[in-house]
Each structure stands twice: as C-alpha cells, then as structure tokens.
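One structure below.
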Amino acid sequence: MTDIASLVAGFRDIATPTIANALDELGLNGIIIGLKSVVPGTKAVGPAVTVRQQTGAKGTFPVEDFKVGHMIEAAGAGDVIVVDNGGNPVSTWGGMASYAAKIQKIEGLLVEGGVRDWEEQQEFRFPIFARHMVPTPGKTRLKVEAIGEPITIEGVLIRPGDLIVADGSGICVIPIERATEILEMTRRYAADDAQAMKEIDNGLTFREALAKFAKI
C-alpha cells in the first residue's frame with residue numbers, strides 16, 4: 001500500500017520544475033501552467049478531490065446547485081480540491097470558503113475558472129491556484145455536476161487521489177501509481193542541483209555545469 005503521508009511529505013520539499021523534469025523524462029502529461037497562484041508564497045501538496053462544474057448566465061441554475069459547501073465537505077484534511085469550470089471567468093470560490101477550508105485543514109484549491117475576494121485570500125493564506133480573479137458571483141451561474149469523477153484541465157487528466165503539487169511556478173499532477181518512482185527521480189535531480197551550486201561556487205562555469213548535470 002502506498003504511504004500517502006510519506007509521499008506528500010517528500011514532494012513538499014520538491015519544486016514543480018524539478019517534478020516537471022521527471023514527468024517529462026517519463027513521457028507523462030502532468031504539467032498545468034495556466035492557473036496562477038492567488039496567494040504568493042503558498043504551496044499545495046496533496047491528493048486530489050475532483051469537481052466538475054457547468055456555467056451559464058445569471059439565473060440559469062438554482063442557488064442550491066452552487067454547492068461550495070458540498071465541495072468542502074467532500075475533502076478531508078490534507079486534500080487538494082481541483083475544480084474544472086471550463087476556464088469561465090465566474091467565481092467558484094470566495095474568501096469565506098477559504099476560511100472554512102483552512103479551518104478544516106484542507107490543503108488547497110485549484111480552479112480552472114475564477115475565484116474572488118483577493119484581499120481576504122491574502123489574509124487567510126489558503127493556497128489557491130486559479131485562472132481568473134473576478135468579483136462576479138457564482139450563485140445561479142454555476143452548477144456542480146459531479147464530485148469525485150475524473151476531470152481534465154489543459155489536457156491533463158486528474159483522477160481522484162492523484163497527487164497535486166502546486167507552487168509559484170505552476171502545477172504538477174502526479175499519477176498516484178507512479179508517485180514513488182517520480183519522487184525518487186526528483187530527489188536525485190534535487191541532489192544534482194545542490195551539487196551543481198557547490199561546484200559553481202568553486203569555479204565551475206554554468207556551461208560546464210549544464211554539460212555535467214543533465215537535469216539542472
């Protein structure tokens with residue numbers, strides 16, 4: 001059985017560019033670059049809880065279909081909620097949702113769509129990665145169609161339980177069945193980075209470092 005806690009702890013110390021090197025080496029499509037960090041300096045690492053939404057004009061859906069509370073309740077401590085709203089500039093999530101999710105120790109949120117309440121998000125420091133920051137409310141515009149089913153964002157498949165690592169550089173989706181292998185690869189790459197910096201300190205040129213260390 002995979003030890004999720006150990007994998008999460010391991011990837012917490014690894015930056016997404018290093019993980020992207022491993023995904024690239026293995027030919028895995030797991031790099032999402034279009035969603036930006038809403039709260040600079042935050043990072044989210046954890047298993048995905050997936051959500052698919054539909055968007056329409058104001059009044060298209062009843063308020064009951066908004067279901068942000070259902071999304072939060074579907075996630076446990078350490079989970080990352082991942083929402084596919086088709087990139088629409090409508091708010092899926094606001095400041096109070098972040099406050100509630102942080103209290104429940106949810107790890108973070110990814111939204112292929114919009115969020116709002118920028119000032120509150122900075123105050124609450126809940127890790128959010130989204131395509132849009134907008135004031136437009138989601139109630140009666142958004143409908144949660146499914147929770148816990150596979151979704152696709154920017155051509156990347158995200159299944160419930162796949163590991164998410166999101167930081168200032170971007171987002172990596174790690175297939176859970178390959179996570180141990182990828183973590184071992186990234187640790188080797190990170191060790192090479194550290195060794196390269198030591199040797200640069202001692203006079204190695206950057207061109208020489210590039211030739212010596214394949215993945216820096």
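Note: hydrogens, waters and symmetry copies are ignored here, and every other heavy atom, side chains too, is used.
- More than 12 heavy atoms of other residues, nucleotides or ligands sit less than 6.0 Å from atom CG of Leu157.
- Every residue two or more places apart in sequence or in another chain that forms a ring pair (Phe, Tyr, Trp, His ring centres under 6.0 Å) with Phe124 is listed here: Tyr99.
- The backbone N or O of Gly86 sits less than 3.5 Å from a side-chain atom of Asp84, completing a donor-acceptor pair.
- Formation of a donor-acceptor pair under 3.5 Å by the Glu154 side chain with backbone atoms of Gly34 is found in this model.
- Other residues, nucleotides and ligands contribute at most 12 non-hydrogen atoms within 6.0 Å of the NZ atom of Lys139.
- Looking at Asp117, its side chain never comes within 3.5 Å of a backbone N or O of Met96 through a donor-acceptor pair.
- Glu107 contributes a side-chain N or O that, together with a main-chain N or O of Val45, makes up a donor-acceptor pair within less than 3.5 Å.
- Remark: the backbone N or O of Glu119 is not paired with any side-chain donor or acceptor of Glu123 at under 3.5 angstrom.
- The only member of Thr55, Val83, Val134, Val51 that meets side chain to side chain contact (heavy atoms under 4.5 Å, CB included) when paired with Thr92 is Val83.
- Linking Ile, Leu, Val, Met, Phe, Trp and Tyr whenever their side-chain heavy atoms come within less than 4.5 Å puts Ile81 and Val38 in one cluster.
- Put simply, the side chain of Asp167 gets close to the backbone of Thr16: a donor and an acceptor are under 3.5 Å apart.
- Residue Val82 is not grouped with residue Leu163 when hydrophobic side chains (ILVMFWY) are merged at heavy-atom distances under 4.5 angstrom, including chains of intermediate members.
- Using a 4.5 Å heavy-atom threshold, the side chains of Gln121 and Trp93 count as touching.
- For Pro62, the side-chain contact (heavy atoms from CB on, under 4.5 Å) partners are Glu64, Asp65, not counting sequence neighbours.
- Between Ile72 and Ala97, the shortest heavy-atom distance links the atoms CD1-O, 3.8 Å.
- Connection of Leu35 to Ile151 is established within a shared hydrophobic cluster, with ILVMFWY side chains joined at heavy-atom distances below 4.5 Å, either directly or through further cluster members.
- Not counting sequence neighbours, the partners of Ser37 by the side-chain contact (heavy atoms from CB on, under 4.5 Å) test are Thr42, Phe129.
- Between Tyr189 and Ile14, every side-chain heavy-atom pair lies at or beyond the 4.5 Å cut-off.
- At a threshold of 4.5 Å between side-chain heavy atoms, the hydrophobic network of Ile, Leu, Val, Met, Phe, Trp and Tyr places Ile32 and Ile128 in two separate groups.
- Cluster annotation: Val90 and Val144 are assigned to the same hydrophobic cluster (Ile/Leu/Val/Met/Phe/Trp/Tyr, side-chain heavy-atom contacts under 4.5 Å, transitive).
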